[in-house]
Amino acid sequence: MNSRSTVISVQEVTWMALLIALQMVLSKLSVGSNTLKVGFSFIAIGLLGYYFGPFKAAIANVLADVISNLVMPSSGGFFIGFTFSALVAGVIYGYMLYNHKVTVVRTLITVLLITVIVNTGLNTLWIHMMTNLPYMTLLVPRLAKEAFSLVYQTGLLYIVLKWIDNSKFNKIG
């Protein structure tokens with residue numbers, strides 16, 4: 001079944017639901033301070049992209065964002081911009097990881113795209129829109145955090161994807 005297929009099997013829906021639940025749980029688990037918080041939800045989003053491709057991963061990531069905001073709302077409340085960020089992240093992970101060989105370089109480029117486009121670009125814009133703080137005031141401290149995130153996310157995602165790629169779980173279906 002190809003990523004652009006409009007038919008989603010029961011098995012795919014089940015796996016998507018499990019990965020959405022995993023993402024929701026991982027999004028609530030983090031270590032560190034507010035300045036430098038290390039989260040792990042990117043692993044579940046990366047797996048959605050790896051298994052389902054850009055379209056299905058984008059839809060699943062949007063659903064995860066909406067469901068997460070309904071079930072476990074954050075202190076900032078729901079903001080549609082972050083839902084758009086979830087869509088873009090799903091597309092990037094899916095486009096970069098689906099049906100491609102797992103390599104450190106591909107994983108690095110994937111995480112770099114997410115870091116620059118979604119985390120640093122879009123999410124900083126959404127925070128600016130929500131708080132009215134100057135964009136550059138928000139951007140500068142985020143750059144160090146995102147540079148650190150680039151390193152640990154590339155390493156962790158590569159390890160997880162490589163393990164899955166070499167296991168019996170490398171394909172769904």
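Throughout, residue positions are numbered sequentially from 1 according to the sequence presented.
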Check: [Y] and [X] side chains under 4.5 Å, non-hydrogen atoms:
X	Y	value
Gln153	Phe40	no
Tyr93	Tyr98	no
Asp65	Phe78	yes

side-chain hydrogen bond (donor to acceptor under 3.5 Å, both in side chains) partners for [X], two or more places apart:
X	answer
Ser85	Asn123, Trp126
Ser68	none
Thr120	none
Tyr51	none

My understanding is that only residues two or more places apart in sequence, or in another chain, count here; which of them pass ring pair (Phe, Tyr, Trp, His ring centres under 6.0 Å) with Tyr152? Phe42, Phe148
Checking side chain to side chain contact (heavy atoms under 4.5 Å, CB included) for the pair Met129/Phe79: CA distance, chi angles, key distance, verdict? CA-CA 10 Å; Met129 289 172 68; Phe79 185 75; 4.3 Å; yes
Where the side chain of Thr124 meets the backbone of Gly121, is there a donor-acceptor pair that is under 3.5 Å apart? no
Tell me whether Lys56 contacts the main-chain N or O of Glu12 through its side chain, where contact means a donor paired with an acceptor under 3.5 Å. no
Who passes side-chain contact (heavy atoms from CB on, under 4.5 Å) against [X], sequence neighbours left out?
X	result
Leu22	Leu19, Leu26, Ala44
Val88	Phe84, Ile92, Ile117, Val118, Leu122
Val10	Thr14
Thr131	Ile127, Leu133, Leu138

Result block: side-chain N/O donor-acceptor pairs under 3.5 angstrom for residues 107-116, not counting sequence neighbours:
{"unit_1": "Thr107", "atom_1": "OG1", "unit_2": "Thr103", "atom_2": "O", "d": "2.7"}
{"unit_1": "Thr110", "atom_1": "OG1", "unit_2": "Arg106", "atom_2": "O", "d": "2.7"}
{"unit_1": "Thr115", "atom_1": "OG1", "unit_2": "Val111", "atom_2": "O", "d": "2.7"}

Carefully, step by step, assess His128 and Thr137 under the rule side chain to side chain contact (heavy atoms under 4.5 Å, CB included). CA-CA 9 Å; His128 160 71; Thr137 302; over 6 Å; no
After noting the C-alpha distance and the side-chain angles of Leu87 and Thr83, does the key distance pass the side chain to side chain contact (heavy atoms under 4.5 Å, CB included) rule? CA-CA 6 Å; Leu87 182 129; Thr83 306; over 6 Å; no
Quiz: residues 154-166 side-chain donor-acceptor pairs under 3.5 angstrom, not counting sequence neighbours:
{"unit_1": "Thr154", "atom_1": "OG1", "unit_2": "Leu150", "atom_2": "O", "d": "2.6"}
{"unit_1": "Asp165", "atom_1": "OD1", "unit_2": "Tyr50", "atom_2": "OH", "d": "3.0"}
{"unit_1": "Asn166", "atom_1": "ND2", "unit_2": "Lys162", "atom_2": "O", "d": "3.2"}

Quick one: closest heavy-atom pair of Asn61 and Ala89, and the distance? ND2-CB, 3.9 Å
Could you check Gln23 against Ile45 for side chain to side chain contact (heavy atoms under 4.5 Å, CB included), going step by step and ending with a plain yes or no? CA-CA 7 Å; Gln23 186 213 357; Ile45 304 165; 3.4 Å; yes
